[in-house]
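Please read the structure below before turning to the comments.
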Amino acid sequence: MFSGPRARLCCLDLDTFFVSVERLLNPELCGKPVVVGALPGSRGVVTACSYEVRAFGVRSGMGIAEAVRRAPHAVFMRGTSGVYGAYAQRVKAILERYTPEVRTASIDEFYLDFSGCERLYRRAADADDDAAIERIVRELRERVQVEIGLPASAGIGCTRAMAKMASNVAKPAGVRMVRVGEERAFVAELPVRRFPGIGPVAAEELNQAGVHTLGELLSLPEGPRRARFRRTTERVEQALHPTSAQRIGRDRPAFREHDPEHLTVGSISNERTFGQDVRERVRVEGQLCSLAERVCWRARSRGARARTVTLRLRYSNFETLTRSRTIPPTNVEAKVYACVLELLAEVLDPARGVRLLGVGLSNLVGEDTQLALPLGKEPPPQVGRAIDDVRARFGFEAIRLGASALRK
DNA sequence: TCTGGGGTCCTAGGACCC
DNA sequence: TCTGGGGTCCTAGGACCC
């Protein structure tokens with residue numbers, strides 16, 4: 001018998017992930033209002049915050065000063081670097097017990113495909129296949145909670161976007177299934193901003209045009225408004241129907257650092273916002289040298305060379321400029337730094353304060369790929385390797401280029 | 001004291017080649 | 001002298017996600 005499309009894709013999202021991990025490391029934080037991110041007095045933002053502070057209007061992405069204003073009683077902490085990935089790995093290992101089709105979408109978000117698993121999981125007590133899948137997702141959510149101690153929410157739907165929206169509705173610590181046929185009704189009352197792909201800019205534009213919910217968007221009458229938002233409407237419409245290929249997509253490259261197979265990573269970049277805006281050219285150049293060092297180090301650790309180097313510069317007024325240049329593939333600090341300095345000359349206004357600097361590598365190729373004969377003199381590869389060996393034992397800061405010291 | 005840092009993807013224009 | 005398209009690569013900017 002033909003079995004039609006089913007709601008078989010699941011999104012599992014860890015609730016207030018960084019906060020939850022910090023609470024595992026330090027149980028005294030449980031029940032307290034916690035903000036992970038920048039410390040008060042700095043220019044950073046909120047990375048994650050507990051439900052106790054959300055009650056005061058604190059949100060992730062909010063400037064830390066604003067968060068302090070809204071919740072002065074909260075515990076503010078930087079977070080523990082290096083531990084989150086390991087917890088995410090443990091979560092993934094649990095999920096893989098239930099289906100081989102698990103994808104990592106971000107450090108706290110996973111997609112699972114249960115298509116074809118109905119026979120495996122169906123029990124006599126289950127009213128139908130959907131009920132079986134929902135039961136198994138509740139069980140897996142519970143396993144993550146019990147075995148690791150991390151609260152999670154899960155959504156089930158016929159597409160990634162549906163599963164994602166369902167998991168958001170299920171928060172905190174819940175499960176929500178949207179069965180085939182229920183999609184339109186489920187989506188109808190949701191604010192447009194809840195759709196993955198509609199950000200603050202698009203949402204504002206829609207609201208200005210009198211469109212507030214996804215239901216209103218989908219039912220716009222033919223006319224100029226419908227024409228104006230046609231592309232957005234199409235994307236929402238597609239999310240309501242099962243698609244054929246690439247159902248849960250691929251792992252995000254950023255979370256496949258150790259994949260030795262292929263170099264599909266798109267880009268490597270590092271940027272830094274100064275504590276206070278900077279005018280001295282030596283400090284600008286010192287920071288760029290430091291950033292060049294860091295991206296080259298990361299590129300080498302992935303066996304990558306970059307064909308394109310990008311400089312990013314943000315002035316005090318938040319005006320942000322980028323300049324990029326394509327060069328023979330390299331992961332050598334001196335080459336990247338030299339290139340960045342040339343790009344800097346195109347954009348730097350010595351009269352203005354610099355807020356942020358960034359260096360990016362893109363157009364990456366494998367280390368062995370030789371697209372052009374080396375014309376200039378390049379340090380032998382042993383030099384880079386020797387630097388990296390020292391860092392492997394003592395950390396990135398253990399060995400630095402002299403010019404990097406000038407950034408402070 | 002407004003507004004981090006790591007990414008991906010899309011668009012649009014211009015150069016250049018056939 | 002006037003004037004095609006198509007394709008690819010490069011660059012700059014911006015929206016979006018977590």
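First the proteins, then the strands, lettered A, B, ... as listed; each starts at 1.
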Please figure out whether A:Ala65 or A:Arg314 has its closest DNA chain B nucleotide nearer the 5' end.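 Comparing both residues, the 5'-ward one is A:Ala65.
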Upstream residue (5' side of DNA chain B) when A:Ser267 and A:Ser60 are each assigned their closest nucleotide: A:Ser60
Pair pattern of DNA chain C in dot-bracket, where unpaired bases get dots and | marks partners in another strand, Watson-Crick or G-U under 3.5 angstrom: ....||||||||||||||
A:Arg90 meets the salt bridge (Lys or Arg N to Asp or Glu O under 4.0 Å) criterion, sequence neighbours left out, with none
Please enumerate all residues that pass side-chain hydrogen bond (donor to acceptor under 3.5 Å, both in side chains) together with A:Thr326, with sequence neighbours excluded.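 side-chain hydrogen bond (donor to acceptor under 3.5 Å, both in side chains) list for A:Thr326, sorted by chain: A:Thr308.
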Non-neighbouring partners of A:Glu216 that pass side-chain hydrogen bond (donor to acceptor under 3.5 Å, both in side chains), sequence neighbours left out: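 Listed in chain order: nothing, the list is empty.
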How far does the P atom of B:dC2 sit from the matching atom of C:dC17, given to the nearest Å? 27 Å
Which part of the nucleic acid, if any, lies within reach of [X] when heavy atoms closer than 4.0 Å are counted: base, sugar-phosphate only, or nothing?
{"X": "A:Ile64", "result": "nothing"}
{"X": "A:Phe195", "result": "sugar-phosphate"}
{"X": "A:Gly41", "result": "base"}
{"X": "A:Arg193", "result": "sugar-phosphate"}
{"X": "A:Arg78", "result": "nothing"}
{"X": "A:Val201", "result": "sugar-phosphate"}

Would you indicate whether the side-chain heavy atoms of A:Asn317 and A:Arg352 approach each other to under 4.5 Å? yes
Heavy atoms, side chains only, cut-off 4.5 Å: are A:Glu285 and A:Leu344 in contact?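 SC-SC contact between A:Glu285 and A:Leu344 confirmed.
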Outermost DNA chain C nucleotides near chain A [under 4.0 Å, heavy atoms]: C:dC10 to C:dC18
Cationic N near anionic O, under 4.0 Å, A:Glu333 to A:Arg300: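 Salt bridge: yes.
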Taking ring pair (Phe, Tyr, Trp, His ring centres under 6.0 Å) as the test, write out the residues that go with A:Tyr51, two or more places apart. none
Verify whether one side chain among A:Thr99 and A:Glu101 offers a donor that lies under 3.5 Å from an acceptor in the other.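 Checked: A:Thr99/A:Glu101 side chains show no N/O donor-acceptor pair below 3.5 Å.
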Indicate whether the side chain of A:Arg312 and that of A:Thr322 have a donor and an acceptor atom separated by less than 3.5 Å. no
